[in-house]
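Please read the structure below before turning to the comments.
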Amino acid sequence: MAEDPIRLCVWSGPRNISTALMYSFAQRADTTVYDEPLYAHYLVNSDAKDYHPGAGEIIAAMENDGEKVVADIILGPQPTPIAFFKQMTHHLVELDWSFMRQMVNIILTRDPRDMLPSYAQQVSAPTMRDVGYAQHIQLLEYLRDLGQEPSVLDARQTLLNPRGVLETLCTRIGIPCDDSMLQWAAGASPEDGVWAPHWYENVHRSTGFQPHKPKTEPLPSHLEPLLAECQPHYDQLLKLAIH
């Protein structure tokens with residue numbers, strides 16, 4: 001087991017590049033990655049279990065007690081010097097956040113105009129709680145109260161300049177950047193959560209960070225009110241994002 005490992009929590013919203021980022025870090029020989037370890041905890045502590053694809057399978061496959069996940073997995077012994085935890089900010093329900101004092105916390109955001117139509121293909125009537133933008137700002141404020149200034153990644157900026165963004169991020173974390181992080185084999189990863197068949201089709205076709213493609217389709221009208229709620233939170237994070 002590694003002594004005093006670096007524990008990275010990347011706090012994202014859905015339909016972002018969080019899985020690609022997880023695959024990127026999985027290429028490092030010094031890193032172990034974990035896919036959304038708090039997902040089942042979130043489902044059993046919210047009504048999301050009533051509409052998330054594969055909810056029953058997720059609850060059956062994973063530890064449901066979030067405090068136990070934190071103690072045994074997130075803060076538990078690690079086989080490598082770096083542990084990467086892909087997390088969803090909206091999974092932070094009914095949970096003591098103080099474990100974040102021991103983490104290197106990173107916030108990953110995406111333009112809601114790009115994200116919302118993609119997410120609505122799986123969850124037809126998303127709410128602010130589902131998409132995590134307000135929770136990102138709450139998390140940012142909480143981490144600042146702890147004396148941390150988390151790095152912020154924006155999906156668009158990362159896809160436009162993956163090498164540059166990763167180099168800056170690694171420098172801030174205090175680890176060497178590794179060129180292996182820019183490429184991976186197509187197909188599923190052994191670290192994938194059981195929900196991968198519902199969400200990971202695009203990343204399974206990829207072999208690296210894909211070029212950014214702006215959305216050209218008009219936003220469905222039923223998503224306009226939620227976009228208006230999300231936009232100020234996203235704009236605040238975008239000002240902090242690594243370019």
Side-chain angles (χ1 to χ4, degrees), residues 7-26 31-76 78-79 83-97 99-100 103 105-110 115-136 138-139 155 184 186-206 226:
R7 304 171 192 270
L8 309 177
C9 270
V10 177
W11 299 101
S12 180
R15 307 315 285 163
N16 205 328
I17 60 167
S18 56
T19 307
L21 199 62
M22 180 179 74
Y23 281 21
S24 172
F25 271 84
T31 302
T32 302
V33 302
Y34 298 85
D35 194 6
E36 299 184 35
L38 292 167
Y39 199 165
H41 165 82
Y42 165 67
L43 292 175
V44 300
N45 285 282
S46 72
D47 63 356
K49 60 182 169 293
D50 299 330
Y51 57 84
H52 266 232
E57 184 183 5
I58 296 165
I59 291 169
M62 300 178 71
E63 174 58 59
N64 292 188
D65 183 340
E67 299 293 354
K68 199 169 189 315
V69 171
V70 169
D72 296 347
I73 299 175
I74 299 176
L75 296 180
Q78 297 300 327
F84 175 104
F85 300 94
K86 175 192 163 196
Q87 305 273 25
M88 293 288 132
T89 312
H90 55 277
H91 290 176
L92 288 168
V93 294
E94 304 298 327
L95 199 62
D96 180 357
W97 290 18
F99 72 93
M100 293 188 205
M103 316 301 294
N105 294 288
I106 300 159
I107 296 175
L108 173 62
T109 191
R110 184 186 181 192
M115 188 281 294
L116 291 174
S118 177
Y119 187 67
Q121 292 176 15
Q122 294 284 0
V123 176
S124 59
T127 66
M128 177 62 85
R129 189 199 65 185
D130 294 316
V131 297
Y133 288 92
Q135 292 98 323
H136 270 144
Q138 293 168 6
L139 177 60
W184 50 83
S189 165
E191 292 86 9
D192 287 349
V194 298
W195 51 89
H198 301 287
W199 300 98
Y200 292 1
E201 180 181 357
N202 289 339
V203 76
H204 284 170
R205 290 199 298 262
S206 72
L226 183 56

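Owing to the predicted nature of the structure, the values given are computational and were not obtained by experimental measurement. Hydrogens, waters and symmetry mates play no part in the numbers below; they use all other heavy atoms, side chains included.
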Are M103 and W11 packed together at the side-chain level, in the sense that at least one heavy-atom pair is separated by less than 4.5 angstrom?
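They are not in contact (no side-chain heavy atoms under 4.5 Å apart), so the answer is no.
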Would you mind reporting whether F25 and L8 have side-chain heavy atoms less than 4.5 Å apart?
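Yes - at least one pair of side-chain heavy atoms lies under 4.5 Å apart.
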Enumerate donor-acceptor pairs with a distance under 3.5 Å from any side-chain N or O in residues 86-93 to protein atoms, sequence neighbours excluded.
residue	atom	partner	partner atom	Å
K86	NZ	T19	OG1	2.8
K86	NZ	D35	OD1	3.1
K86	NZ	E36	OE2	3.0
K86	NZ	Y200	OH	2.5
T89	OG1	S12	O	3.3
T89	OG1	H136	NE2	3.0

Residues 117-126 side chain polar contacts: donor-acceptor under 3.5 Å, at least two apart:
residue	atom	partner	partner atom	Å
S118	OG	R15	NE	3.0
Q122	NE2	H198	O	2.6

Might you work through the side chain to side chain contact (heavy atoms under 4.5 Å, CB included) test for F99 and R7, ending with a clear yes or no?
CA-CA 11 Å; F99 72 93; R7 304 171 192 270; over 6 Å; no
State the [atom1]-[atom2] distance between [X] and [Y], to the nearest 0.5 angstrom.
X: D130; Y: H52; atom1: CG; atom2: NE2; answer: 5.5 Å
X: F84; Y: T31; atom1: CZ; atom2: OG1; answer: 9.0 Å
X: W184; Y: M22; atom1: CH2; atom2: CE; answer: 10.0 Å

Considering all heavy atoms, the nearest [X]-[Y] contact:
X: L226; Y: T127; result: CD1-C, 3.9 Å
X: G66; Y: L95; result: C-CD1, 3.6 Å
X: A155; Y: N16; result: CB-OD1, 3.2 Å
X: L108; Y: L21; result: CD2-CD2, 4.5 Å
X: W97; Y: L139; result: CZ3-CA, 4.0 Å
X: A134; Y: M128; result: N-SD, 3.6 Å

Contacts of T32 that satisfy side chain to side chain contact (heavy atoms under 4.5 Å, CB included) - sequence neighbours left out:
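Once residues adjacent in sequence are excluded, the partners of T32 under the side chain to side chain contact (heavy atoms under 4.5 Å, CB included) criterion are Y34, P79, T80.
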Listing request: all salt bridge (Lys or Arg N to Asp or Glu O under 4.0 Å) pairs with a residue in residues 41-53, at least two apart in sequence or in separate chains.
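Matches after skipping sequence neighbours: D47-R129.
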Expected list for residues 67-76: side-chain donor-acceptor pairs under 3.5 angstrom, two or more places apart:
residue	atom	partner	partner atom	Å
E67	OE2	D96	N	3.0
K68	NZ	D72	OD2	2.9

What pairs of residues pass the side chain to side chain donor-acceptor pair (under 3.5 Å) test when at least one of them lies in residues 54-66, not counting sequence neighbours?
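Every pair satisfying side chain to side chain donor-acceptor pair (under 3.5 Å) with a residue in residues 54-66: there are none.
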List for me each residue that meets side chain to side chain donor-acceptor pair (under 3.5 Å) alongside Y23, sequence neighbours excluded, and say none if there are none.
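Y23 satisfies side chain to side chain donor-acceptor pair (under 3.5 Å) with D192, H204 once adjacent residues are dropped.
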